[in-house]
Amino acid sequence: MINSLQSAATLANGVRMPWLGLGVFKITDSDECKNAVTAALACGYRSIDTALGYRNEEAVGEALRSAGVPREEIFVTTKLSGGNSYERAISEFENSLERLGLEYLDLYLLHWPRPHEDKYVEAYRALMDLLKAGKVRAIGVSNFVPDQLNRIHRELGVFPMVNQVERHPHYQRHDLRRFCEARGIQLECYSPLMNGQLADLPKTRAVLQPIADKYGKSIYQICLRWQLDTGVVCINKSANPARIRQNADIFDFALDADDIAAIAALDDGQHVFRDSYDDVGPVVHFTIEEV
Ligand SMILES: NC(=O)c1ccc[n+]([C@@H]2O[C@H](COP(=O)([O-])OP(=O)(O)OC[C@H]3O[C@@H](n4cnc5c(N)ncnc54)[C@H](OP(=O)(O)O)[C@@H]3O)[C@@H](O)[C@H]2O)c1
């Protein structure tokens, strides 16, 4: 049972990654970002997810340093676009580390494959060298589909340790989850609350509210717990300290098979962000510029 904010998944190289973390996408105001990270660490979060493109690595670093939590207890992720050359990936890593004010990173991800630039294999090779050099404890990708994961394996001989993708009840990604599970790739979800839109959909409420009532939780808490109970590491975002705490209050229950079967019926492919499948189909909701 995953029963605390410190409960952690084990990645392919044995590194432990907390099941639930706070993401800081779109928190560009420095004080707001520091407040969010500080509130999260104070209530027990130990995983923080940022990216070069979020433009808040400095604020995250300041909050980490002032929190008084030992560095080795915190799991810090940042990301770089897969459209970078080997040399650029190495130098951007050093820049991120400096902005964060850290001596090492816990997880470094290629944020997007950017297949049209055809650089993600060489960029991933740079991540492998950073791993070998002990500058990062684990490496992976984000928004990659099986063909791209297979290409990394074919050309570099390894699968990424993590694939961070959009996932929520409307976009459950069963095939990708099975693919990753079979290859030792930890699936990690972003936008578990559908970027905040999830509870607005009447169909979603109709399925999730009875489950929420059964456990005395909110729809949001059910969606977060569902990720963990289906074996997926989860990053959620809130800039609001009260909601940051509420979203972490999911460790005193677990969904049963009937709940998971009911939620399965919501899977209709709606998603918020562009992903690599969108080359062959439209995004159902809206698109946010990739970073
Ligand atoms: N790898 C990628 O390409 C990628 C893409 C997107 C996101 N991510 C990562 O994943 C994280 C989470 O994804 P996300 O930011 O898209 O969204 P999310 O966690 O699905 O939803 C965040 C939204 O929900 C609201 N919210 C949060 N908790 C709530 C609650 N209990 N009740 C009501 N509203 C609530 C937040 O508003 P308030 O802030 O006002 O509470 C915010 O507007 C990001 O911060 C980022 O770290 C990665």
Side-chain angles (χ1 to χ4, degrees), residues 17-18 20-29 32-33 35-37 39-40 43 45 47-57 59-60 75-83 107-114 120 140-145 148 160 162-171 173 176 186-201 204-205 208-209 212 217-227 232-250 270-278 283 285-291:
M17 173 174 193
L20 186 72
L22 182 81
V24 292
F25 178 42
K26 290 201 273 191
I27 316 186
T28 47
D29 178 83
E32 195 180 26
C33 183
N35 287 342
V37 174
C43 77
Y45 282 80
S47 171
I48 305 293
D49 179 276
T50 182
L52 166 61
Y54 300 172
R55 299 183 183 89
N56 54 22
E57 289 173 315
V60 168
F75 192 96
V76 185
T77 300
T78 194
K79 320 183 193 79
L80 170 75
S81 163
L107 179 63
Y108 200 37
L109 300 178
L110 293 185
H111 204 156
W112 294 87
R114 297 184 72 94
Y120 65 81
V141 295
S142 177
N143 299 300
F144 276 51
V145 294
Q148 295 157 347
V162 172
N163 187 19
Q164 185 189 101
V165 298
E166 177 176 349
R167 183 177 188 260
H168 43 69
H170 286 282
Y171 197 38
R173 330 255 350 217
L176 182 64
Q186 177 62 55
L187 197 64
E188 178 184 16
C189 116
Y190 70 73
S191 296
L193 309 175
M194 216 173 163
N195 204 238
Q197 303 170 59
L198 196 123
D200 300 337
L201 305 170
T204 321
R205 292 199 75 88
L208 295 181
Q209 194 61 56
K217 297 287 174 184
S218 71
I219 284 182
Y220 298 99
Q221 289 166 325
I222 295 301
C223 288
L224 296 172
R225 184 71 212 191
W226 171 77
Q227 299 285 350
V232 176
V233 165
C234 177
I235 295 295
N236 77 104
K237 177 261 170 180
S238 177
N240 175 312
R243 287 203 280 268
I244 288 171
R245 283 191 292 277
Q246 284 160 20
N247 292 350
D249 182 16
I250 59 167
Q270 288 190 71
H271 59 286
V272 179
F273 292 87
R274 174 171 64 221
D275 71 18
S276 299
Y277 291 114
D278 293 334
V283 175
H285 260 254
F286 61 83
T287 298
I288 293 174
E289 261 321 296
E290 105 180 23
V291 284

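Starting from 1, each residue takes its place in the sequence as its number. Note that the structure is predicted; figures quoted are calculated from it, not measured. All heavy atoms count here, side chains included; hydrogens, waters and symmetry mates do not. Indexing begins at 1, ligand by ligand and atom by atom, following the structure's order.
For atom 20 (O) of ligand 1, the nearest protein heavy atom (residue, atom name, distance) is Leu193 N, 2.8 Å. Here the heavy atom of the protein found nearest to atom 12 (C) of ligand 1 is Ile235 O, 3.5 Å. The protein non-hydrogen atom at the shortest distance from atom 3 (O) of ligand 1 is Asn143 ND2, 2.9 Å. For atom 47 (O) of ligand 1, the closest non-hydrogen atom of the protein is Asp49 OD1, 2.7 Å. Looking only at protein heavy atoms, the nearest one to atom 30 (C) of ligand 1 is Arg243 CD, 3.1 Å. If you check which protein heavy atom lies closest to atom 27 (C) of ligand 1, you get Lys237 O, 3.1 Å. Considering only non-hydrogen protein atoms, atom 7 (C) of ligand 1 sits nearest to Tyr190 CD1, 3.5 Å. Ranking protein heavy atoms by distance to atom 21 (O) of ligand 1, first place goes to Gly196 N, 3.3 Å.
In Ser142, the part holding a heavy atom less than 4.0 Å from any atom of ligand 1 is the side chain. In Glu166, neither the side chain nor the backbone holds a heavy atom less than 4.0 Å from any atom of ligand 1. Contacts between Thr50 and ligand 1 below 4.0 angstrom, taking non-hydrogen atoms only, are absent altogether. When heavy-atom distances to ligand 1 are checked against a 4.0 Å cut-off, Phe25 comes that close through both its backbone and its side chain.
Atoms of ligand 1 found under 4.0 Å from any heavy atom of His111, numbered from 1 in the order shown, are 1 (N), 2 (C), 3 (O). Listed by atom number, the atoms of ligand 1 under 4.0 Å from Gln164 heavy atoms are 1 (N), 2 (C), 4 (C), 48 (C). Near Trp112, meaning under 4.0 Å from any of its heavy atoms, are these atoms of ligand 1: 3 (O). Those atoms of ligand 1 that come under 4.0 Å of a heavy atom in Ser238, given as number and element, are 27 (C), 38 (P), 39 (O), 41 (O). Close approach of ligand 1 to Met194 (heavy-atom distance below 4.0 Å) involves ligand atoms 20 (O).
The backbone N or O of Ile244 lies less than 3.5 Å from a partner atom in the side chain of Tyr45, making a donor-acceptor pair. Asn143 contributes a side-chain N or O that, together with a main-chain N or O of His111, makes up a donor-acceptor pair within less than 3.5 Å. For the pair Gln221 (side chain) and Gln246 (backbone), a donor-acceptor distance under 3.5 Å is present. Within the 3.5 Å criterion, the main-chain N or O of Tyr190 finds no donor-acceptor partner in the side chain of Lys237. Here the side chain of Asn247 pairs no donor or acceptor atom with the backbone of Ser238 at under 3.5 angstrom.
Relative orientation of the Tyr54 and Phe25 rings is tilted, given thresholds of 30° and 60° on the angle between their planes.
Between atom 39 (O) of ligand 1 and the options Ala239, Gly23, Pro241, the minimum heavy-atom separation is to Ala239. In this structure, of Asn195, Asn236, Asn247, the residue bringing a heavy atom nearest to atom 14 (P) of ligand 1 is Asn195. Comparing heavy-atom distances from atom 18 (P) of ligand 1 across Ser191, Ala51, Ser218, Ala199 singles out Ser191 as nearest.
Asp49 has its side chain within reach of Glu188: a pair of non-hydrogen atoms, C-beta onward, lies under 4.5 Å apart. Counting heavy atoms from C-beta on, the side chains of Leu176 and Val145 never come closer than 4.5 Å. By the 4.5 Å heavy-atom criterion applied to side chains, Val272 and Glu166 are counted as neighbours. Contact of the Ile222 side chain with the Gln209 side chain is not registered, since no non-hydrogen atoms from C-beta on lie closer than 4.5 Å.
The side-chain hydrogen bond (donor to acceptor under 3.5 Å, both in side chains) test with Asn195 is passed by exactly one of His271, Lys26, His168: Lys26.
In this structure, Ala199 and Tyr220 approach most closely via the heavy-atom pair CB-OH, 3.5 Å.
Below 3.5 Å of separation, one finds no N or O of Phe273 facing any N or O of ligand 1.
Residues Thr78 and Glu57 have side chains that bring a donor and an acceptor to within less than 3.5 angstrom of each other.
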